[in-house]
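What's counted below: heavy atoms across the whole structure, side chains too, no hydrogens, waters or symmetry copies. These numbers come from a predicted model, not from an experiment. Proteins come first, then strands; the chains are lettered A, B, ... in the order of their sequence lines, and each starts at number 1.
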2 protein chains.
Amino acid sequence: MSETEERATGGTLAHRVPDLGALELLLAVARLGSLGAAAREVGITQPAASSRIRSMERQLGVALVDRSPRGSRLTDAGALVTDWARRVVEAAEAFDAGTQALRDRRDSRLRVAASMTIAEYLLPGWLLALRAQRPDTAVSLLAGNSAAVAERLLADEADLGFVEGLTVPHGLDSAVIAHDRLIVVVAPAHPWARRRRPLAAAELAATPLILRERGSGTRQVLDTALGGLARPLIELSSTTAVKASAVGGAGPAVLSELVVGEELAMRRLVAIPLEGIALRRDLRAVWPTGHRPTGPARELLSLTRA
Amino acid sequence: MSETEERATGGTLAHRVPDLGALELLLAVARLGSLGAAAREVGITQPAASSRIRSMERQLGVALVDRSPRGSRLTDAGALVTDWARRVVEAAEAFDAGTQALRDRRDSRLRVAASMTIAEYLLPGWLLALRAQRPDTAVSLLAGNSAAVAERLLADEADLGFVEGLTVPHGLDSAVIAHDRLIVVVAPAHPWARRRRPLAAAELAATPLILRERGSGTRQVLDTALGGLARPLIELSSTTAVKASAVGGAGPAVLSELVVGEELAMRRLVAIPLEGIALRRDLRAVWPTGHRPTGPARELLSLTRA
DNA sequence: TGGGGGCATAAGCTGGTCTTATGAGCGAGA
DNA sequence: TCTCGCTCATAAGACCAGCTTATGCCCCCA
């Protein structure tokens with residue numbers, strides 16, 4: 001092979017994974033039971049679909065569908081592949097929903113301002129749901145910290161805001177839409193992953209942790225709950241970096257459960273139960289005092305309430 | 001626009017979301033801080049990278065990187081987009097790891113047989129971890145029910161197996177690698193999502209549920225724990241279908257926490273606490289009695305233990 | 001005042017994916 | 001039994017996206 005480390009089978013990831021169009025087509029075939037029908041749904045011709053599926057099978061080295069003169073059904077392997085494909089497509093849909101909102105259209109019917117964590121992890125899902133209900137609502141998104149969100153709302157540059165944290169900025173009304181729990185996580189290889197009894201607050205306070213920088217929302221909640229200062233093992237400036245560091249085994253981290261859902265499910269991180277302290281914070285929708293959300297803003301708000 | 005419902009901005013999802021190569025390139029730019037360096041890493045030339053990033057910005061309608069004569073840094077929007085992109089790429093990596101294993105290579109150094117749920121949700125993650133440790137280990141995967149897994153192992157057609165369920169097939173030794181909890185989930189709009197007190201076993205038994213067909217592992221565990229038969233609202237033949245049905249609001253479902261991790265994090269499903277009944281089942285690694293796993297099988301096994 | 005790193009532009013090639021046109025298997029109904 | 005209607009496959013040609021090489025400009029630093 002060439003200079004960098006490469007897999008036995010083909011070059012880069014993009015060469016080994018079919019493109020989104022092919023994955024969508026596969027999902028359509030799975031749902032509709034026919035290449036032709038799937039082709040119609042995604043807006044291509046039947047021969048194109050046939051060839052696309054075939055070349056995907058060649059690329060993966062796996063037979064995905066059983067063709068018959070009476071339709072096409074997934075093979076067992078195909079069913080497995082389809083479920084993996086579904087997850088890729090769902091991630092792409094979230095990407096799409098997010099970036100569409102990010103496009104700066106002043107004329108958007110609904111302008112949302114949100115804190116980073118919410119913008120990153122929650123909003124794409126909400127936007128997908130909103131799109132399902134009101135396909136024509138154009139949404140624009142501005143992400144920033146609580147102060148920036150408040151500023152936008154008060155300057156009438158946003159219709160609805162979302163913040164996490166302990167306090168509500170002045171001049172805004174708010175409604176709690178969910179509770180975010182901070183949890184202690186470690187890589188599966190960490191000794192804590194095998195402990196049986198919950199972690200006591202004192203123990204947590206005494207242990208150096210992978211943390212966001214001081215001043216971040218997460219850090220504030222943690223310091224408050226511990227009744228003192230958490231001890232940093234490393235300080236990083238983004239949630240993503242903290243997560244990566246924890247997965248890599250650098251040590252225990254304290255993160256919102258929102259951001260580690262997938263890692264927990266895949267067992268790349270393990271949550272350690274806590275005893276005697278509740279690391280909760282509210283997630284709030286906010287709007288200028290008096291201006292209750294109406295129209296699409298109201299709709300989005302109702303979507304966000306569990 | 002044309003016949004089917006389409007978004008204002010462009011045709012299908014694949015037209016609105018950059019392809020995997022572009023997303024990988026963006027991640028490389030974010031990490032390395034330079035278009036040229038990123039280009040080198042993904043194995044293309046600098047002009048190609050420049051043009052790819054530029055066309056991605058045009059496609060998304062958002063400026064992603066600040067170019068300067070001294071390098072390129074992400075804009076704020078770019079950082080957000082990059083994190084969404086990372087999730088797409090991670091899903092693609094899991095897809096890749098899974099399908100590579102699915103390729104039926106008899107000469108694979110490590111042949112794994114696993115139950116559907118484990119193959120679908122857990123194995124891709126493990127394989128990524130294994131690949132990180134031993135890049136040259138070729139793995140093949142066969143997915144089936146417990147009986148099929150046992151058969152493969154006993155016929156020496158697999159080196160290591162994974163099953164979930166209450167019993168271990170005869171002729172196999174096993175080690176518990178994790179516990180899977182079944183949880184009750186409903187869509188956020190369901191009345192149960194707002195209840196304060198945990199659900200009692202009797203109440204669960206009395207409520208019609210979205211379930212897998214009888215004979216499925218999940219169903220067995222549920223029936224056993226309820227000390228009788230669960231009442232079906234609908235019976236579906238795949239976990240994916242059950243999940244989709246629950247998200248759609250058809251009613252409460254009982255599912256492995258493995259398969260709904262993302263839906264819970266995104267608040268598309270809500271977990272209902274249970275009282276007085278533990279819907280746990282063991283996830284086990286299995287191998288023919290006497291043949292303790294060695295080599296790559298042993299390595300994979302150790303990766304799976306939290 | 002030259003490197004050397006960074007990025008952009010231009011021209012030409014290549015390959016993949018689409019299209020249209022056609023053929024062939026299977027089942028249902030006249 | 002013939003034919004229609006559904007399925008999928010194959011073939012030939014058009015088109016476009018992305019790559020490469022070659023070049024130029026800008027900025028910083030030695």
Side-chain angles (χ1 to χ4, degrees), chain A residues 2-4 6 10-61 63-75 78, chain B residues 2-4 6 10-60 63-75 78 85:
Chain A
S2 48
E3 51 233 51
T4 46
E6 297 201 348
T12 152
L13 186 62
H15 292 156
R16 280 171 290 150
V17 177
D19 63 60
L20 277 173
L23 299 183
E24 280 191 287
L25 178 62
L26 179 62
L27 296 187
V29 171
R31 187 154 29 82
L32 301 172
S34 144
L35 291 189
R40 248 167 282 133
E41 179 168 281
V42 307
I44 60 178
T45 57
Q46 173 267 321
S50 177
S51 126
R52 220 151 154 62
I53 294 283
R54 182 168 298 285
S55 71
M56 180 157 47
E57 288 179 315
R58 213 169 1 141
Q59 180 180 23
L60 302 179
L64 299 175
V65 302
D66 264 338
R67 296 135 170 96
S68 90
R70 218 160 48 271
S72 297
R73 299 215 90 60
L74 293 179
T75 61
Chain B
S2 48
E3 50 233 50
T4 46
E6 297 203 344
T12 152
L13 186 63
H15 293 156
R16 281 171 290 151
V17 176
D19 64 60
L20 278 173
L23 298 183
E24 279 191 288
L25 178 62
L26 179 63
L27 296 187
V29 171
R31 187 153 30 82
L32 301 172
S34 143
L35 291 190
R40 248 168 281 131
E41 179 169 279
V42 306
I44 60 179
T45 58
Q46 172 268 318
S50 177
S51 129
R52 215 146 156 65
I53 294 284
R54 182 168 297 285
S55 71
M56 179 157 47
E57 288 179 314
R58 214 171 359 145
Q59 179 180 22
L60 302 179
L64 299 174
V65 302
D66 265 337
R67 295 135 170 96
S68 89
R70 219 162 46 273
S72 297
R73 299 215 92 59
L74 293 179
T75 61

OP1 or OP2 of D:dT7 under 4.0 Å from side-chain N/O of A:Arg40 = yes
Send over the distance from A:His15 NE2 to D:dG18 P, rounded to a whole Å.
-> 12 Å
Nearest atoms (heavy-atom pairs only) where A:Val65 meets A:Ser72 | CB-CB, 4.5 Å
At under 4.0 Å between heavy atoms, which parts of nucleotides 17-30 of chain C does protein reach? Answer with one letter per nucleotide, 5' to 3': B base, S sugar-phosphate only, - none.
-> SSBBB---BSS---
For residues 44-57 of chain B, which residue pairs qualify under side-chain hydrogen bond (donor to acceptor under 3.5 Å, both in side chains), counting only residues two or more places apart or in two chains?
-> B:Asp19-B:Arg52, B:Glu57-B:Arg67
Spacing of B:Arg58 atom CZ and B:Leu64 atom CG [to the nearest 0.5 Å] = 12.5 Å
Nearest atoms (heavy-atom pairs only) where B:Leu20 meets A:Ala14 = CB-CB, 4.1 Å
Indicate whether OP1 or OP2 belonging to D:dA9 is found under 4.0 Å from a side-chain N or O atom of A:Arg54.
-> yes
Sorted by number, residues from residues 21-36 of chain B placing a heavy atom under 4.0 Å from DNA chain C are B:Ser34, B:Leu35, B:Gly36
Identify all side-chain donor-acceptor contacts of residues 23-31 of chain B below 3.5 Å with residues at least two apart in sequence or on another chain.
from, atom 1, to, atom 2, distance (Å)
B:Glu24, OE1, A:Thr12, OG1, 3.1
B:Arg31, NH1, B:Glu41, OE1, 3.4
B:Arg31, NH1, B:Glu41, OE2, 3.4
B:Arg31, NH2, B:Glu41, OE2, 2.9

Distance in Å, A:Leu35 CG paired with A:Arg40 CZ, rounded so as to fall on 0.5 Å steps = 10.5 Å
CE of B:Met56 versus P of D:dC19: gap in Å, rounded?
-> 11 Å
CG of B:Asp66 versus C1' of C:dC7: gap in Å, rounded?
-> 13 Å
Taking A:Thr75 for the side chain and A:Ala63 for the main chain, is one N or O donor matched with an acceptor at less than 3.5 Å?
-> yes
Residues passing the salt bridge (Lys or Arg N to Asp or Glu O under 4.0 Å) test with A:Asp66, sequence neighbours excluded, are none
Do the side-chain N or O atoms of B:Arg67 get closer than 4.0 angstrom to the phosphate oxygens (OP1, OP2) of C:dA8?
-> yes
